[in-house]
Each structure stands twice: as C-alpha cells, then as structure tokens.
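Side-chain atoms are counted along with the backbone in the values below, which use heavy atoms only and exclude waters and symmetry mates.
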Amino acid sequence: MKIPTHLKHKPVIVAENYANIDGRTAYHTDAQGLSLGLAQWNDRGKVDISAKVWRHTGGKWSRQSEELPLHRVLDLAILVCEAQLYFKDAYRYENLYDESNPVLKRVGLQGDAMTVEVCTENEQINEDIQLFQQALSDNGELIGERLRTLSRILKDMGY
C-alpha cells in the first residue's frame, strides 16, 4: 500500500511494507508504513523533519496515524534502552524497583538531563510493573533483534 504524498506530512524516506514486520501484529496490523519526511507543522521559512507511522483502517488512512519529531523518536529509543537495561537487574527489588528512590537514571541531553524513573503516581504500579517486565521478557526476541540491528547501524555510522 502506497503512503499518501498529498497530505501535510511530506514523505521523503519510506518503509511501505511495515505491516509485514510490525512485531507480533505483523500481517494483522493497521500500521501500514513508516516515513521520514517534512513535518506537517512546518511554517514558512522553518523546516523540521519528522517520523510518521501511517495507519490504514482497510478503507481509508486513519487520523490515528502518529507523527513525531526525529529527536523524540530517538528519545523514545533511549527510554526503551534504559528500561531494557534496568529490568535486567530489577529482580533484586521486591516490587522490581526501589520504592525509596524510583529514579533509574539521568541521561544527559542538551545541557540538562532526562530523568528516567518508575511512575510512582500510578496507583497500580506494583501490578503494572510486573506486567511490564513480563511483556518485555515475552517480547525479548523482537526487541533484541531490533536493538542488535540498531547497534550495527550505529557502529556503521561511527557511533
């Protein structure tokens, strides 16, 4: 299925077969494609690029398609990696986290830091963190394949 080019987000680099590799929902997903392109929020004289997940209901392109600035895509990747790293040793805590210090890491970015922490405001955190850890474990092969691919590409880029 071809990603539309007549909408406000202007695709430049596309993966139009994303439905075939969308994790456990591969071949049964509404996420039909990914693109990197010119952001829909661009104003005259200002050009941002963004990543977009294109969803299709079977009849039309969905308003639930998501567009993110590239730095946010990378920030989410950092968050995923930090969570993955944290849960390797989280078994040491009774509730999978230190209730007196829920901060997992401070990641320096742009002269400040992104604080990665357990969401203690979640009233069901003790149950939800168990479910989250189990889902990470259950999806370890899918996530690991993508992280290994990302690692290889970053090394090829000199990082």
Side-chain angles (χ1 to χ4, degrees), residues 1-43 46-91 96-97 104-105 107 109 114-157 159:
M1 180 171 296
K2 292 290 183 188
I3 289 173
T5 57
H6 64 282
L7 301 174
K8 289 185 178 180
H9 172 87
K10 300 299 183 193
V12 175
I13 306 295
V14 299
E16 293 183 317
N17 66 336
Y18 186 69
N20 299 349
I21 59 157
D22 188 18
R24 296 204 184 283
T25 60
Y27 300 101
H28 306 286
T29 181
D30 66 343
Q32 297 295 306
L34 302 177
S35 68
L36 301 177
L38 304 181
Q40 66 184 14
W41 58 80
N42 282 332
D43 293 325
K46 180 182 176 216
V47 177
D48 287 329
I49 55 177
S50 64
K52 187 158 185 165
V53 177
W54 293 90
R55 294 170 173 249
H56 196 278
T57 65
K60 63 179 182 174
W61 290 103
S62 172
R63 291 179 183 259
Q64 291 184 332
S65 296
E66 301 114 343
E67 183 177 24
L68 292 171
L70 290 187
H71 72 275
R72 289 186 189 150
V73 173
L74 295 172
D75 290 346
L76 284 169
I78 291 167
L79 192 62
V80 167
C81 291
E82 289 294 353
Q84 212 39 25
L85 184 61
Y86 173 77
F87 278 101
K88 286 185 175 192
D89 293 324
Y91 68 89
L96 297 178
Y97 72 101
L104 310 182
K105 185 98 175 238
V107 180
L109 296 167
M114 173 171 52
T115 303
V116 180
E117 62 188 311
V118 173
C119 182
T120 57
E121 298 298 314
N122 176 348
E123 294 177 4
Q124 303 296 319
I125 191 59
N126 290 345
E127 178 183 340
D128 290 351
I129 199 169
Q130 298 278 341
L131 295 169
F132 186 90
Q133 183 207 31
Q134 187 60 53
L136 271 182
S137 177
D138 292 348
N139 290 291
E141 184 177 337
L142 291 171
I143 295 168
E145 177 184 29
R146 284 154 172 82
L147 290 174
R148 282 187 297 281
T149 300
L150 183 59
S151 175
R152 178 188 50 78
I153 294 167
L154 287 168
K155 285 176 186 168
D156 290 349
M157 292 172 62
Y159 291 101

> Within a strict 4.5 Å, meaning less than it, do heavy atoms of the L147 and C81 side chains meet?
yes
> Find out whether V12 and I49 are in side-chain contact, i.e. whether some heavy atom of one side chain is under 4.5 Å from a heavy atom of the other.
no
> Determine the minimum heavy-atom distance between D22 and A31, stating which atoms define it.
OD2-CB, 3.6 Å
> Looking at residues at least two apart in the chain, or sitting in another chain, which of them share a ring-ring contact (aromatic ring centres under 6.0 Å, His included) with Y86?
none
> So for atom CD1, which belongs to I153, do other residues, nucleotides or ligands contribute more than 12 heavy atoms lying within a distance under 6.0 Å?
yes
> For the atom pair OG (S151) and CZ (R146), what is the distance rounded to the nearest 0.5 Å?
15.5 Å
> Which residues satisfy the side chain to side chain donor-acceptor pair (under 3.5 Å) test with Q134, sequence neighbours excluded?
D138
> So, taking the atom named CG in L70 and the one named CG in D75, what distance separates them when rounded to the nearest 0.5 Å?
11.0 Å
> Tell me if a side-chain donor or acceptor on T25 pairs with a main-chain N or O of H28 at a distance below 3.5 Å.
no
> How far apart are the closest heavy atoms of A19 and T29, and which atoms are they?
CA-CG2, 3.6 Å
> What distance do L34 atom CG and W54 atom CH2 have between them, rounded to the nearest 0.5 Å?
11.0 Å
> Working to the nearest 0.5 Å, report the span between CG of L154 and CG of L150.
4.5 Å
> Any side-chain heavy atom of V118 within less than 4.5 Å of one from L104?
yes
> Can you find a pair of side-chain heavy atoms, one from L142 and one from R24, that are under 4.5 Å apart?
yes
> Measure the CE-CG distance between M114 and L79 for me, rounded to the nearest 0.5 Å.
6.0 Å
> Any chance you could measure D128, atom CG, to N122, atom CG, to the nearest 0.5 Å?
4.5 Å
> Where do I3 and P11 come nearest, in terms of heavy atoms and distance?
CG2-CG, 3.8 Å
> In chain order, what residues pass the side chain to side chain donor-acceptor pair (under 3.5 Å) check against T115, with sequence neighbours excluded?
R106
> Using the ring of each side chain (for Trp, its six-membered ring), is F87 parallel, tilted or perpendicular to F132, with breaks at 30° and 60°?
tilted
> Report yes if some heavy atom in the side chain of S65 is under 4.5 Å from a heavy atom in the side chain of K52; otherwise report no.
yes
> Please give me the minimum heavy-atom distance between A51 and L36, naming the atom from each residue.
CB-CD2, 3.7 Å
> Of E67, E16, H9, K10, which meets side chain to side chain donor-acceptor pair (under 3.5 Å) against S35?
H9
